[in-house]
Amino acid sequence: MMMWKAAKATYVQDWERRMKEIQQVDQGAYNHLMEIPAKYWSKFRFNYFPRVDTLVNNMCECFNSVIVEAREKPIVSMLEDIRVYLMNRWSDNRQSIVTYAREILPKINKKIEREFDKGGEWLAIYVGRDKYEVSSSQGNRAKFVVDLNLHECSCRKFQLTGYPCEHAMSCIRKMCLDVKNYVNKCYRKETYVDCYQHVIYPLNGPNLWSRTENDDVLPPVFRKPIGRPKLRRNKTGDEPRNNGPLSKLSRTGQQQKCSYCFALGHNKRTCPIKRKMEAVAKKVKLLLSI
């Protein structure tokens with residue numbers, strides 16, 4: 001939890017405070033985080049250009065889960081499955097936005113509403129030239145400077161996301177302004193329509209392909225590798241493994257129960273009654289064979 005607070009810090013002073021808290025709890029964790037450049041994991045070093053403050057890799061993971069079956073196929077079949085998936089997705093997105101009536105996209109609208117509600121906890125003072133000093137109404141000493149003309153806040157969240165942060169929202173509420181005028185154009189319906197206006201055209205199947213004078217390209221000789229085929233992706237060093245010590249519950253302190261004689265203290269493999277019965281059966285089989 002403390003690491004996530006440091007990762008979500010949008011300005012350097014907040015990040016330094018969070019890192020000091022981590023250092024007081026665990027020096028090793030602090031040293032490990034300091035070895036990783038902050039631009040890879042903390043918002044306060046993120047660039048303004050992407051207009052996104054996402055910290056996780058869920059978008060890539062979602063696409064990876066879609067192509068699980070396709071990536072096991074030969075290269076042409078794999079690319080064909082991905083093309084069909086994208087063709088369907090683009091078509092669905094193009095059709096779904098037609099009936100959407102609002103100007104700002106739905107998920108961004110929900111985020112804006114949350115920031116608007118948080119804006120009620122801040123007090124904005126207009127100083128002129130679209131600049132405001134925003135202070136907390138909760139009694140702490142937190143203050144930020146907002147410039148609505150430049151779409152900027154000293155907390156940097158306004159610039160990172162492209163829509164007003166809670167501090168900017170307090171200024172917009174005070175002046176009774178329209179929130180839509182301060183949302184970046186990348187979150188508008190017309191931009192979404194422009195992104196999906198291009199069509200991925202359908203293609204004919206192999207039954208309509210023209211024959212060439214060259215020999216067919218045959219797949220390489222298949223050699224079945226030793227062991228069970230691997231389907232899961234390679235995990236990084238800090239990700240939990242399914243076969244690691246933290247993936248299964250420890251049986252320390254639990255009492256074993258035999259599934260053969262239902263007695264406590266041993267399992268089926270070491271059951272003495274089962275061993276005696278197996279020995280008797282072996283002797284009987286030996287006598288019958290004489």
Side-chain angles (χ1 to χ4, degrees), residues 3-4 7 29 31-43 45-98 105 107 186-187 191-251 259 267-269:
M3 190 277 289
W4 279 110
N31 295 337
H32 175 70
L33 291 174
M34 292 300 291
E35 291 175 358
I36 306 172
K39 64 180 181 180
Y40 296 130
W41 65 276
S42 184
K43 292 182 181 181
R45 289 294 305 274
F46 283 6
N47 197 322
Y48 295 154
F49 178 76
R51 300 294 180 181
V52 64
D53 60 345
T54 304
L55 289 169
V56 292
N57 197 29
N58 288 346
M59 288 183 285
C60 293
E61 294 294 344
C62 290
F63 181 72
N64 187 52
S65 65
V66 169
I67 63 170
V68 167
E69 295 182 4
R71 66 185 184 183
E72 299 296 327
K73 297 181 180 180
I75 183 67
V76 175
S77 301
M78 180 191 70
L79 294 175
E80 178 64 13
D81 286 358
I82 295 175
R83 184 191 66 83
V84 172
Y85 165 73
L86 292 176
M87 183 173 63
N88 284 323
R89 183 174 175 83
W90 281 45
S91 177
D92 293 342
N93 291 346
R94 194 183 303 113
Q95 295 299 322
S96 63
I97 198 63
V98 173
L105 297 177
K107 290 186 178 180
C186 64
Y187 299 128
T191 305
Y192 189 91
V193 172
D194 290 341
C195 288
Y196 290 101
Q197 67 175 332
H198 305 286
V199 177
I200 300 178
Y201 290 98
L203 297 177
N204 292 321
N207 57 311
L208 294 176
W209 291 356
S210 58
R211 298 288 300 180
T212 65
E213 299 177 356
N214 302 319
D215 296 334
D216 292 339
V217 178
L218 300 176
V221 178
F222 177 74
R223 293 183 178 86
K224 185 177 180 180
I226 299 174
R228 185 176 296 178
K230 182 179 178 181
L231 297 177
R232 295 181 179 177
R233 64 178 178 82
N234 295 327
K235 295 187 176 181
T236 59
D238 58 344
E239 290 185 283
R241 264 65 171 176
N242 291 336
N243 57 352
L246 301 179
S247 61
K248 296 181 180 179
L249 293 176
S250 174
R251 293 187 179 182
S259 60
N267 56 22
K268 181 179 179 180
R269 184 174 57 84

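Index from 1, following the sequence. The figures here come from the full heavy-atom set of this structure, side chains too, leaving out hydrogens, waters and symmetry mates.
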**OP:** Kindly assign one of parallel, tilted or perpendicular to the pair Y85 and F63, based on the angle between their ring planes and the thresholds 30° and 60°.
**Re:** tilted

Original post:
How many angstroms lie between atom CG of L86 and atom OG of S91, to the nearest 0.5 angstrom?
Top reply: 12.5 Å

**OP:** Enter the distance from H32:NE2 to E35:CD here, rounded to the nearest 0.5 Å.
**Re:** 7.5 Å

Original post:
Which atoms form the tightest heavy-atom contact between P202 and R83, and what is the distance?
Top reply: CA-NH1, 4.0 Å

Original post:
Does the side chain of V76 come within less than 4.5 Å of P74's, by heavy atoms?
Top reply: no

Original post:
Hey, does I82 have a side-chain heavy atom less than 4.5 Å from the side chain of V66?
Top reply: no

Original post:
Just how far is it from atom CG of N93 to atom CG of N88, taken to the nearest 0.5 Å?
Top reply: 11.0 Å

Original post:
More than 12 non-hydrogen atoms from neighbouring residues, nucleotides or ligands closer than 6.0 Å to CZ on R89, yes or no?
Top reply: no

Subject >> Atom pair OH/OG of Y192 and S96 - distance to nearest 0.5 Å >> reply: 5.0 Å

Original post:
K73 versus I67: any side-chain heavy-atom pair under 4.5 Å?
Top reply: no

**OP:** Verify the neighbour count for atom CG of D215: are there more than 12 heavy atoms of other residues, nucleotides or ligands below 6.0 Å?
**Re:** no

**OP:** Output, in order, the C-alpha distance, side-chain angles, deciding distance and verdict of side-chain contact (heavy atoms from CB on, under 4.5 Å) for E69 and D81.
**Re:** CA-CA 9 Å; E69 295 182 4; D81 286 358; over 6 Å; no

Original post:
Which atom names give the shortest non-hydrogen contact between R45 and A38, and what distance separates them?
Top reply: CG-CB, 3.8 Å

Original post:
Looking only at atom types and distance, does a side-chain atom of R94 sit under 3.5 Å from a main-chain N or O of H198, one as donor and one as acceptor?
Top reply: yes

Original post:
Can you name the closest pair of heavy atoms from W41 and A7 and give their distance?
Top reply: O-CB, 3.4 Å

**OP:** Heavy atoms only: give me the nearest M3-L33 pair and the separation to one decimal.
**Re:** CG-CD1, 3.9 Å

Original post:
Got E61 and V56 here, is their nearest side-chain heavy-atom distance under 4.5 Å?
Top reply: no

Original post:
Once you round to the nearest 0.5 Å, how far does CG of N204 lie from CG of N207?
Top reply: 7.5 Å

Original post:
So how far is it from L203 CG to L208 CG, rounded to the nearest 0.5 Å?
Top reply: 11.0 Å

